[in-house]
Chemist: 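Have a look at this one.
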Amino acid sequence: MRAADTASADPGPLAPITWAVVGDHDQRVVVVDLDADAGERRRVSLAPGEFADHVVQRELASAPRWVWDDTARRYPPLLAAGVRAARSHDLRLSHRILACSADIAAPGALRAAAEWEGGPSPAVAVAAATLFDLAAPTDTTGDIAATLAEFRRQRGALSTARAGSGLHLLAAAESAGALLAAEMHAAGLPWDQARHDAVLEAELGARPPSGARPSQLELLAQRLREQLDDPTLNPDSAVRLLRALHRRGIAVESTSRWELERVEHEVVPTLLEYKRLARLWSANGWAWSDEWVSAGRFRPVYIPAGVVTGRWASAGGGALQIPRGLRSAVRADPGWCLVVADVAQLEPRVLCGMSRDAALAEASRGRDLYEGIVADGAVATRYDAKLAMLGAMYGATTGESGRLMPRLRRTYPRAMAMVDAAARRGEDGAPVSTSWGRTTPDAGATWRATQARASEADASTADILRAKRASRDRGRFTRNFIVQGTAAEWALAWLADLRTRLTAFPEAATAAAASGPVFARRPHIAFFLHDEVIVHCPREHAEEVAEAVRDAAAAAGRLLFGDFPVDFPLDVRIAESAQKD
DNA sequence: AAGGGACGCGCG
DNA sequence: AAAGCGCGCGTCCCTT
């Protein structure tokens, strides 16, 4: 029974959704069913070993929404037991959203329950506690009474949300993301170790004994020592490298690539190549795969909302930084394939939707958004359009980007007014919010003290300059926050919808990784990076999966922006590997 | 010896 | 050609 794949038991839209609150009491797991008004209907007490079976039964019966303190703590053991949950409400993640949201009129009770604020990566803390055999975290938030109390506080806070607030959608999407994060970790990203090794050998030479530089890297280091006439140079030391460059009359202020690229000297190509290979070796070399890849899977730890804007972060293995050159190692299992999809120009389209800028929507519909901006005559080239748009969203003030950005104001005043207003509010120390109501953290006491100091009678020029800079820094942050944060919401909606759609697919005849989790026998999301997903699926379902990915994107757009005509075109590829041709 | 900051670079 | 948002992480190097 336990091994049953619960996902196949979709109860359909008519089944009542109930809240099933999960918490601990006296070494047992307590599940309390609540009705729509959060009134208690039923309470069961289970031995810890019985919980997974309980979840299976309930999923088959009616797929309740599991309310628990922390998905990263409750869900992995279920997945390990072969049990999947359809819906959840993650109290920690939701608390962090609701307690500081500008959309909540009465956040007082939530803010008082500070023990729920938690860190950004409880999963990591729990893993570390297990690793060092320490007692469970000292907080009591997992206790059933505390869990019920927090759930009721959150329901109470949500009932004070402003009319039309998207916070309930955000809480649901955030929680679905937390389920998915645990599932993706369990499933892993299919990784072809042999191909990775082949890339490393081709670039660096044979794997060296531990501690030694690979041959190709040592060759380049030696050439650098000759070209810079510095026989003991360690090119890994920026300080010594800079001194050596200066001795040869190369006037650079740093050893960073963008500055070196502007210098005409024989040492530059050698140095750039050394840096490229050194990076590959230290970030994604043999030591990396020893640590992070096993049994053909790369298993990063995803941290939902690890970024203030709501974007995900990751811990370990640099999951969000896999270099493009190594994507050839991301390779489907035999008989399976990858559906690799990314959204074209997600953030500008999100800005278009949230500002309801009809001109920008018209420019971007059904085509490359930047080409559309060129066609509108705002700027001359696609490259300029991209630069100007990035400048608008990041707050560029100088350079080409800063020069081009004002042109967009004339052509797309609504969209530009939205980011400009967010910047002004940030400069004043005021909060801003995403479409669904995620709100910036407070600017902080130090920031306000800096501003206050500048307006005192005896403020120095330095005080005033410092305050201005801090104010503009904050403005650029809030300007970008509303766009990056709403884009993260779009991505969550996309993921949550896709995750559900994929449960409708049948199990594969040929299992991917027979030892993997049960849900990995059907198409499943194997990777997510801000505006890109990779689905691992049996080849015979690739086309249908690609369609599901597109349908989910369209549904996400409607969920956030209703019938406003902004579209989210995807670049979808069906392939053996994640490498772009 | 451990920890933290600076640097540099990978990703969106 | 480059500076303007959000990250993680490896290395060096200095402090404690």
Side-chain angles (χ1 to χ4, degrees), chain A residues 120-121 124 213 233-243 252-263 271-272 274-285 287-288 291-292 300-303 305-327 342-348 350-351 383-384 386-405 419 422-423 426 432 434 438 440-441 469 472-488 490-491 527-533 578:
Chain A
S121 58
V124 177
R213 273 201 190 92
L233 176 70
N234 171 14
D236 295 327
S237 166
V239 175
R240 289 177 217 185
L241 189 54
L242 195 60
R243 272 203 289 265
V252 285
E253 285 183 18
S254 74
T255 66
S256 56
R257 194 182 61 204
W258 65 267
E259 205 178 346
L260 288 167
E261 277 168 352
R262 299 161 60 187
V263 174
L271 186 47
L272 294 181
Y274 179 87
K275 279 168 168 280
R276 188 180 73 80
L277 294 185
R279 168 81 193 179
L280 174 64
W281 179 47
S282 71
N284 297 101
W288 176 85
E291 187 170 0
W292 296 106
V301 174
Y302 297 91
I303 305 173
V307 180
V308 278
T309 58
R311 273 187 174 182
W312 289 16
S314 73
L320 275 44
Q321 306 145 252
I322 299 171
R324 295 180 160 279
L326 230 50
R327 282 179 155 245
D342 66 278
V343 198
Q345 306 107 24
L346 174 59
E347 292 193 350
V350 161
L351 173 58
Y383 183 69
D384 285 355
K386 182 172 181 174
L387 217 53
M389 189 52 86
L390 290 177
M393 294 186 304
Y394 294 166
T397 53
T398 61
E400 275 297 284
S401 184
R403 191 177 66 76
L404 287 165
M405 186 253 276
V419 280
V432 298
T434 61
R438 195 189 303 268
T440 46
R469 193 173 62 228
R472 289 202 197 98
D473 287 351
R474 184 73 185 175
R476 283 195 305 277
F477 168 65
T478 52
R479 171 190 289 273
N480 185 249
F481 181 93
I482 60 167
V483 182
Q484 187 181 119
T486 305
W490 185 93
F527 189 69
F528 163 58
L529 180 55
H530 308 319
D531 62 358
E532 173 186 15
V533 299

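This structure is a prediction, so every number in the text was calculated from the model and none was measured. Chain A is the first sequence line, chain B the second, and so forth, proteins listed ahead of strands; every chain is numbered from 1.
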Chemist: Would you tell me if any nitrogen or oxygen in the side chain of A/Arg474 comes within less than 4.0 Å of OP1 or OP2 on C/dG4?
Modeler: no

Chemist: Expressed in angstrom and rounded to an integer, what is the separation of A/Leu260 atom CG from B/dG8 atom C1'?
Modeler: 11 Å

Chemist: Is there a donor and acceptor pair, one atom on the side chain of A/Gln484 and one on the base of C/dG6, closer than 3.5 Å?
Modeler: no

Chemist: With a 4.0 Å cutoff (strictly under), does any side-chain N or O of A/Arg279 reach OP1 or OP2 of C/dC9?
Modeler: no

Chemist: Please compare A/Gly395 and A/Ser237 by the position of their nearest nucleotide in DNA chain C and report the one closer to 5'.
Modeler: A/Gly395

Chemist: Could you tell me whether the phosphate oxygens of B/dG8, OP1 or OP2, come under 4.0 Å of any side-chain nitrogen or oxygen in A/Lys275?
Modeler: no

Chemist: Look through every strand shown and name the nucleotide pairing with C/dG4 as Watson-Crick or G-U wobble, where both distances are under 3.5 Å.
Modeler: none

Chemist: Within the 4.0 Å heavy-atom criterion, would you say A/Val483 contacts the bases, only the backbone, or no part of the nucleic acid?
Modeler: nothing

Chemist: Looking at every strand, decide which applies to A/Gly316 at a 4.0 Å heavy-atom threshold: base, sugar-phosphate, or nothing.
Modeler: sugar-phosphate

Chemist: When all nucleic acid strands are considered with a 4.0 Å heavy-atom cut-off, which category describes A/Ile322: base, sugar-phosphate, or nothing?
Modeler: sugar-phosphate

Chemist: Want to settle it: does A/Asn480 or A/Val239 sit nearer the 5' end of DNA chain C, counting the closest nucleotide to each?
Modeler: A/Asn480

Chemist: Report which part of the nucleic acid A/Ser401 touches: base, sugar-phosphate, or nothing (heavy-atom distance under 4.0 Å, all strands).
Modeler: base

Chemist: In whole Å, what is the span from the CG atom of A/Leu241 to the P atom of B/dG8?
Modeler: 9 Å

Chemist: Check this one for me: any side-chain N or O of A/Arg257 less than 4.0 Å away from OP1 or OP2 of B/dG10?
Modeler: yes

Chemist: Rounded off to whole Å, could you give me the CG-to-C1' distance for the A/Asp236 and C/dC9 pair?
Modeler: 15 Å

Chemist: So A/Arg311 and A/Glu347, salt bridge (charged side-chain N to carboxylate O under 4.0 Å, His left out) or not? Walk me through it.
Modeler: CA-CA 13 Å; A/Arg311 273 187 174 182; A/Glu347 292 193 350; 3.3 Å; yes

Chemist: Quick one: is A/Thr255 getting a side-chain N or O under 4.0 Å of the B/dG8 phosphate, OP1 or OP2?
Modeler: yes

Chemist: Which nucleotide wins on minimum distance to the side chain of A/His530, given the candidates B/dG12, C/dC7, B/dG8?
Modeler: B/dG12

Chemist: What's the verdict on salt bridge (charged side-chain N to carboxylate O under 4.0 Å, His left out) for A/Lys386 and A/Glu400, showing C-alpha distance, side-chain angles and the deciding distance?
Modeler: CA-CA 11 Å; A/Lys386 182 172 181 174; A/Glu400 275 297 284; over 6 Å; no

Chemist: Quick one: which of C/dC5, C/dG8, B/dG12 gets closest to the side chain of A/Gln321?
Modeler: C/dG8

Chemist: Checking the side chain of A/Ser237 only, and the main-chain atoms of A/Asn234 only, is there a donor and an acceptor separated by less than 3.5 Å?
Modeler: no

Chemist: Answer yes or no: is there an ion pair linking A/Lys275 with A/Asp236, defined by an N-O contact shorter than 4.0 Å?
Modeler: no

Chemist: What about A/Arg311: does its side chain form a donor-acceptor pair under 3.5 Å with the base of B/dG12?
Modeler: yes

Chemist: Look at the side-chain N and O atoms of A/Asn234 and state whether any lies under 4.0 Å from the OP1 or OP2 oxygen of C/dC12.
Modeler: yes

Chemist: If we only count heavy atoms from C-beta on, is the A/Pro441 to A/Val308 side-chain gap below 4.5 Å?
Modeler: yes

Chemist: Between atom CZ in A/Phe527 and atom P in B/dC11, what is the gap in whole Å?
Modeler: 11 Å

